[in-house]
Structures are given as C-alpha cells and as structure tokens.
Amino acid sequence: MAAAHKLTKTRNIGIIAHIDAGKTTVTERVLFYTGRVHKMGEVHNGEATMDWMLEEKERGITITSAVTSSQWRGHDINIIDTPGHVDFTIEVERALRVLDGAIGIFCAVGGVEPQSETVWHQADRYNVPKIAFINKLDRVGADFYRAVEMIRDRLGATPLVLQLPWGMEDSLKGVIDLIKMKGILWEEETLGAEFREVPIPSELMEHANKYRDLLLETLADKDDQIMERYLSEEEIEIQELRQAIRTATIKLELVPIFCGAALRNKGIQPLLDGIVDYLPSPVDIPPVVGHIPESDEEVSRRAEAKGPFSALAFKVTMDQGRKMTYVRVYSGTAKTGALVYNPGKGVKEKLARILKMHSNKRERIDQASAGDIVAAMGLKLTTTGDTLCSEDSPVLLEAIQFNEPVISVAVEPKRVQDHEKLLDALGKVSDEDPTFKFKIDEETGQTVISGMGELHLEIIIGRIKREFFVETNQGKPQVVYRETVTIPVEHEEVFQRELAGQQHFAGVRIEVSPLPRGAGNHFVSRCDNPDLTEEFLDAISQGVSEAEASGVLMGYPVIDVQTALLDVHIKETSDVMAFKIAVTMAFKNACKEADPLLLEPIMKAEVLVPEEFTGEVINDLNSRQGKIGQITSKGPVKVLTASVPLSKMFGYSTSLRSASQGRGTFTMQFSHYDKA
C-alpha cells in the first residue's frame, strides 16, 4: 500500500519554453517556496541553482537540463529544467521522453515564441499532459489575453483560463483565482513566501464572472456531469471542478492556464497547487510499452514498485572524470549494488551508487523504484536511450530519437603533445551528447567535430578548454571535393628504366571512360595476351586504385570512372613494380585528355518553416544554387525538400533563423556528388 500511495503522490514534470521566457527563474521560486533552497538565485547574477555550469552562468542561458526534487502538500515533485535554445533541443527531447507532465512557460510580452512551438510539439509527440504559466505580467507591453489566444492559434491547444491577472505591467498586484473566486495578494516583505486570499474587488467582479462562465462552458464540453450541473444552474463543488479539470488535462483535451510574475515572486504557489492537482502521477498515464529483445512481441510495464524492474537511461554526464547516468524507473525496484541487465548491448551492469539529484548536488539513497528519476554511478557501457531491466524478464523500451548533426568544424590542439588529450576529451563529450560527433578525416588528417549549430560547437570547444585543459584552434569547415572524367580516352604508356643496376620494363594500353553518378570505380581486363600472368594483372589493378586516390585537377580522389586494360607488352625484364608504375602513369595521362571535371557534395536539406515565411526561405535557397524538390504541408508548417551544394550551406542556420523570425528548423544529409 505504501508504495502505491507514494506513486500517486509523485509528479515527474519538466519546465519547457522559448529561451528567456523565465523557466529557470520559475524553478528557483519553486525551490525556495518548497523549502529546497533558502536563498533565491537569479539568472542575471549568474547565481541560479539550476544553471550550475560556468558557460550557463556567463551566458545567462540554460545549456544542459538539470534535475531536482522538492515537496509540496505531501507530494514529491521531480523537476527537470530544460534549455530553450534551438541548438540544445536534444536536452528537451530526452527530458520529455521520461516525464509524465510539463509546464509550458510563456512570456506575457512575447507570447508563443518559436522555440516554445518546437518544444510544445515535441511534448505532443510524446503525449505529455501540460499546464501553462504566463509569466512576466509585470513587464511593459505584457498582454495576458493575447498570450492565451496565441496558445490557441499557434499550438492548437484548448486553453482553460483558471486565473486572471489583477492589474498589469507595473500595476500588477496579484491574481484572481476563478476556481475559488478569490483574489490572491503576495506579501513583499516575505519575498512572496506568504500570501492572502481576499474578496475580488467590485470593479473586477463582472470581468471575473465572464471568465468563470467561460471556464465552466469549456469544461462542460469535456465532462457530462459538469454539463448537467451547469445547464441546471446548480452549484458545482470546488473538488468536482478540480477532478474534471484533472481528467481533461491528463487526456490532453485542455491546458489549464496560470499567470504571474516569477521575478516579482507572484503566482508560484498556485502553480505548485496546479502541478499537484492537475498533472498526472506515474499511475495516471498509460503503462510504458516495449518489446521482448530479439522478437516483435510487445510488452507493457505498469508503474508499480512490486513488478519486474525496467528503466530508461536518458542522459549521461561526466562527473569529475567519472560517468554518471540519469535514469527514469518505470517499474519495479533496484537496490544499490544490484546487477541490472542492458538488453540493447546484452551486458550486465552494476548500480554502484544511486543518487537523488538536486541540480549538481546529490544525496545517496538505498534504492530506486517505479516513478523515480535518479542518477546512477557504475554503469560503464550504458548510453543515452538504453534500457535497463531485470535479466529474468527482459524488455527493450523505445529508444530516444536524435537529430543528425548539421554543421562541422575542423579542430586541432594548440600544442602538438595535446593531440591524445583532445581525442579523449571529444570522446567523453560525445558520450554525454548524442547530437555531437567527431571523426578523423582520412583524406585531410583533420579532426572534424559536428553538432547542431554554431553555438553548440562553440560551447563544446569552451568546455574542452575548461574541463579538459586543452586549448584548440578551429578552422572553417572544409568541403572535400571529388574529380571525374567526361569522355572516353585510350592511352598507351611504356615504362623502361634501369634502377640499381637492373632493367625494368612494362607496356600497357588502357581506356578510361565516365560512369553514371554514384556508380563508383570499376576495373576490367579486356586483354587476351597469353603472357599476362595473375601476378601482373593484380599489380595493374592495384596501380589503378592507387592512381584513383588523387586526380589531375586539384589532387582530390577520382570517382565514377571505369578503367579497362586493353593490351600489355611483356619482356624478360618485366616485373610487378614496372607494371604498377606504367599503369599509374597511363591513368594520369588518360585523365588529363578525358576532360576532367571537379565534383562537389550535394546535400539533401529538409526545411520546416511556418507558411508565411515560405517565399523568403525559397528565395534564400535559390540564391544558394538550391533546387527545390517538393513542398508539402504538415499542419500550419511547410516542409521544403531541396538539393543544395554543401559549400553554400555554411552559416545557413543563422540566415534561416533571420528569414523565419527564428521559427524555421532544418536538417541535412549527404545526397550525391555533382558538377561543381
């Protein structure tokens, strides 16, 4: 009973919004009023509890999602504060994957901003119930009612206004609660920790009654009992109202709207009540679904502490050089020191320590059970998106989807002796962040790092300097071109030379001819000379493939060419080395005569942009020599598919943001090589 009771009193929620809507400020207030911290940290002073990384303090933005927990009205609330910047959407994606509910925070001046749209739709994709908090009502230009309309129009949600602002901008006093029909005023002296309920002033009564009626009408559409009471004009109990709102919120039919000004300490306690009253506990949401490893058989796991253990690793961080894995437990219980099974990798891992996190501070606990979000030490091979379960009843939960990186930069250490250290640092960062990749380019020998945007890579380079003490130089991304031929050409080459007192001779006649794009290189022998041995033929084939590694125009690899051996001249002094040299010379000379051509990589780009900006985005792609393949609609968003040369796509993320007021996003991947 105790475990089931604990589950109904648990809330796993995320705070999602556009950059600068006030997510971290709201979280700081929540921690202060629930007694988790005794001093409120401010983002603008670089003192916010949840923004603990140096880069976050300096820039005043959230970069990595931080986990904390607090208590309110006897409920355990686990909170993940997520970043708002588009380059870090992976942090939001993986948080939403493991959460049961979310609070969308909107600025009363900006309303629904681009990144709010993106994260809201991410939450919709995972069917996460949401409540909304309209923040910054104290700012000049704040408009509560416009923000509510934008939630309806841009997010396709049905807002249910539970509170109205009492005053606006610098005359903001408090809020009007439409459920209790009371006014709420906060005490300045206690930093908003104390508040009082007062009767609604007479001049606001008519306005409050109008919105109370609207609330009941909206709710009556979703709940038959409320409809009966409403139509027969009976009094509806507060508890009944709350229950109906809770049911509709969990079914994703309504979004309850709260309001306030977090920086002025107004509106946070009713928001906490809203989390407890309207957002789901782990038992209110459908059981998590996975499948049995190596079969298609689906299994579901109910949120209960007694059942078989199952959990999802949703984030990995390096903590003083040691790996810490954040885990959401869906079912069962695991104790410290227990062995758990990772079915994706087929290995057993030991939970050396289980930690309850408060931002970057921690508290050791003995066990984690269904509904908990904890960090674990000792999981050596587990990465983001891996399932952990009990070996005797294995399950593989759906992994987390990651976007492929879209921008690359070459880096090198300032000191040659730091090369190994740099590779080690990059390896650790890519373990933490699945949207960051690095590789050593075989053709240029450069170390190339790839990420989601310019800011993303900038912050990673900063972290490598700070955390791993490696200073780097970074270049502009290099495009690796290719070469090919356009007409068939025959060429004969004879090699005859004395080397170290020994004669070497070989004669070859070859034809090089172009192949269709993407066909690759082919070598064929059409020679019927009976003296041609297997050994000489291998040497010729090897010579051709070595010659293809660097072309005659700019030394880039040659692709889509067929080389045919037509005839050979053999003497007693012929040997393997002579044939290799002869065919290499023949290939180079044939390519020079075959109208060589430079090819460049063409990318397939997919751009998602609101309809009103489509024209500007198409013009921009055309100016980059892009060819628009197709345009399709996805709700209010247009999806443009285009082929664009890679060399023209550098800095594209910045110009897309300016062309679409920050509301466009894009992904691109290599498609093919074409004429430069």
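Of the charged side-chain nitrogens involved, none lies within less than 4.0 Å of a carboxylate oxygen, so that Asp366 and Lys335 do not count as a salt-bridged pair. In this structure, Glu391 pairs ionically with Lys348, as a charged nitrogen and a carboxylate oxygen lie closer than 4.0 Å. A salt bridge is defined here as a Lys NZ or Arg NE, NH1 or NH2 lying under 4.0 Å from an Asp or Glu carboxylate O, and Asp124 with Lys130 meets this definition. Remark: Arg11 does not engage Asp277 in a salt bridge, criterion side-chain N to carboxylate O under 4.0 Å.
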Just do the side chain to side chain donor-acceptor pair (under 3.5 Å) check on Trp72 and Gln269 with the steps written out, would you? CA-CA 9 Å; Trp72 186 254; Gln269 293 91 338; over 6 Å; no
Could you go step by step and tell me if Arg242 and Asp273 meet the salt bridge (charged side-chain N to carboxylate O under 4.0 Å, His left out) rule? CA-CA 11 Å; Arg242 284 192 179 137; Asp273 287 338; over 6 Å; no
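For the pair His121 (side chain) and Val119 (backbone), a donor-acceptor distance under 3.5 Å is absent. Without hydrogens or angle criteria, Lys345 side chain to Pro343 main chain gives no donor-acceptor distance under 3.5 Å. Between the Thr333 side chain and the Ala305 main chain, a donor and an acceptor come within less than 3.5 Å of each other. Counting only distance, with no hydrogens or angles, the side chain of Arg97 and the backbone of Glu398 share a donor-acceptor pair below 3.5 Å. Proximity of a side-chain donor or acceptor of Arg364 to a complementary backbone N or O of Leu355 within less than 3.5 Å is not detected. For Arg246 (side chain) and Leu279 (main-chain N/O), a donor-acceptor pair under 3.5 Å exists by modelled atom type. With hydrogens and angles disregarded, no donor-acceptor distance shorter than 3.5 Å links the side chain of Arg353 to the backbone of Met377. In this structure, Thr336 contributes its side chain and Ile365 its backbone to a donor-acceptor pair below 3.5 Å. A donor-acceptor pair under 3.5 Å links the side-chain atoms of Lys323 to the main chain of Lys380, judged by distance alone. For the pair Arg29 (side chain) and Ala262 (backbone), a donor-acceptor distance under 3.5 Å is present.
Between the side chains of Ser310 and Ser331, at least one donor-acceptor pair of N or O atoms lies under 3.5 Å. Of the N and O atoms on the side chains of Glu349 and Thr382, at least one donor lies less than 3.5 Å from an acceptor on the other residue.
For the side chain to side chain contact (heavy atoms under 4.5 Å, CB included) with Leu7, the lone residue among Asp284, Asp372, Val283 that qualifies is Val283.
Remark: Phe106 engages Trp120 in a ring pair (Phe, Tyr, Trp, His ring centres under 6.0 Å) (not counting sequence neighbours). Partners of Lys180 according to the salt bridge (charged side-chain N to carboxylate O under 4.0 Å, His left out) rule, which considers only residues two or more places apart in sequence or in another chain, are Glu197.
Residue Leu160 holds its CG atom at 11.5 Å from CD1 of Ile131, rounded to the nearest 0.5 Å.
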Indicate every side-chain donor-acceptor pair of residues 287-298 with a distance under 3.5 Å to a residue at least two apart or in another chain.
unit_1	atom_1	unit_2	atom_2	d
Ser295	OG	Ile292	O	3.2
Ser295	OG	Glu297	N	3.2

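Ala123 and Ile16 get closest at one heavy-atom pair: CB-CD1, 4.3 Å.
Leu272 places a side-chain heavy atom less than 4.5 Å from the side chain of Val30.
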